[in-house]
Amino acid sequence: QVQLVESGGGLVQAGGSLRLSCAASGRTFSSYFMGWFRQAPGKEREFVASIDWSSIAYYADSVKGRFTISRDNAKNTVALQMNNLKPEDTAVYYCAAKAVVDLTYDYWGQGTQVTVSS
């Protein structure tokens, strides 16, 4: 019911910044929780950040103070500003959407690669 497309990934040196963007279509965007997840090689997919319909944000401890999630309901987009990147941030980053009444994130983007060199 929701289609998600991520963009903005790339290669950056440690200490640098990247801004990821996720464009949503197909459903009313503002009624969903939006989240960012990441998966590094050989690791489980992990939660990074989420934002609800009122723009209240939540962060994993590992990125708190460095990453900022935001949403623009008028444009149906959600962004992840990543500052002071570290090599351990290297992963494929996924945008996800969850209906308010659902227990899990049901809609996922294709992912975008973020590589941080030391």
Side-chain angles (χ1 to χ4, degrees):
Q1 299 298 313
V2 176
Q3 295 77 48
L4 305 173
V5 180
E6 304 99 332
S7 62
L11 175 65
V12 65
Q13 290 187 337
S17 299
L18 284 173
R19 184 178 179 87
L20 306 183
S21 182
C22 174
S25 64
R27 301 285 286 179
T28 302
F29 179 78
S30 61
S31 65
Y32 289 83
F33 282 85
M34 300 297 298
W36 287 96
F37 294 76
R38 67 187 182 187
Q39 187 168 23
K43 300 293 183 66
E44 300 291 329
R45 185 172 297 182
E46 65 176 348
F47 168 80
V48 176
S50 65
I51 187 165
D52 70 10
W53 60 93
S54 298
S55 295
I56 297 175
Y58 307 86
Y59 299 95
D61 288 342
S62 59
V63 307
K64 196 172 300 180
R66 300 188 297 120
F67 291 10
T68 302
I69 188 171
S70 61
R71 68 190 298 163
D72 186 334
N73 291 335
K75 297 180 179 179
N76 283 3
T77 59
V78 61
L80 184 69
Q81 178 66 45
M82 304 184 294
N83 297 326
N84 192 24
L85 284 160
K86 304 175 180 180
E88 51 263 42
D89 294 319
T90 295
V92 176
Y93 284 70
Y94 297 90
C95 178
K98 183 183 77 68
V100 172
V101 298
D102 289 347
L103 297 177
T104 61
Y105 285 84
D106 298 318
Y107 309 104
W108 297 81
Q110 82 287 354
T112 186
Q113 177 70 46
V114 172
T115 302
V116 184
S117 62
S118 58

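No hydrogens, no waters, no symmetry mates; every other heavy atom, side chains included, goes into these values.
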Mind checking side chain to side chain donor-acceptor pair (under 3.5 Å) for [X] and listing every partner two or more places apart, or none if nothing turns up?
X: Asp106; result: Thr104
X: Thr115; result: Gln113
X: Ser117; result: none
X: Arg45; result: none

Would you name the heavy atoms of [X] and [Y] that are closest together and state the gap between them?
X: Glu6; Y: Gly111; answer: OE1-N, 2.9 Å
X: Val2; Y: Ala24; answer: CG1-CB, 4.3 Å
X: Pro87; Y: Ala14; answer: CD-CB, 4.1 Å
X: Gly35; Y: Tyr105; answer: N-CE2, 3.8 Å
X: Cys95; Y: Val78; answer: SG-CG1, 3.7 Å

Reported [atom1]-to-[atom2] distance for the pair [X] and [Y], which is rounded to 0.5 angstrom:
X: Thr112; Y: Tyr94; atom1: OG1; atom2: OH; result: 10.0 Å
X: Thr77; Y: Met34; atom1: OG1; atom2: CE; result: 9.0 Å
X: Leu18; Y: Tyr93; atom1: CG; atom2: OH; result: 9.0 Å

Could you tell me if the side chain of [Y] sits less than 4.5 Å from the side chain of [X], heavy atoms only?
X: Arg19; Y: Ser70; answer: yes
X: Val114; Y: Met82; answer: yes
X: Lys75; Y: Ser21; answer: no
X: Arg38; Y: Leu80; answer: no

Fill in the blank from the handout: For residues 37-80, the disulfide (SG to SG under 2.5 Å) pairs (sequence neighbours left out) are none
Problem - Main-chain N/O of Val5 paired to Gln110 side chain as donor or acceptor, under 3.5 Å - result: no
Problem - Arg71 side chain vs Ser54 backbone, donor-acceptor pair below 3.5 Å - result: no
Handout entry: Any pair counted as ring pair (Phe, Tyr, Trp, His ring centres under 6.0 Å), so long as it reaches residues 42-86, sequence neighbours left out
Key = Phe33-Trp53, Phe37-Phe47
Exercise for the section: Using a strict 4.0 Å threshold on nitrogen-to-oxygen distance, state whether Asp89 and Lys86 make a salt bridge. Expected result: no
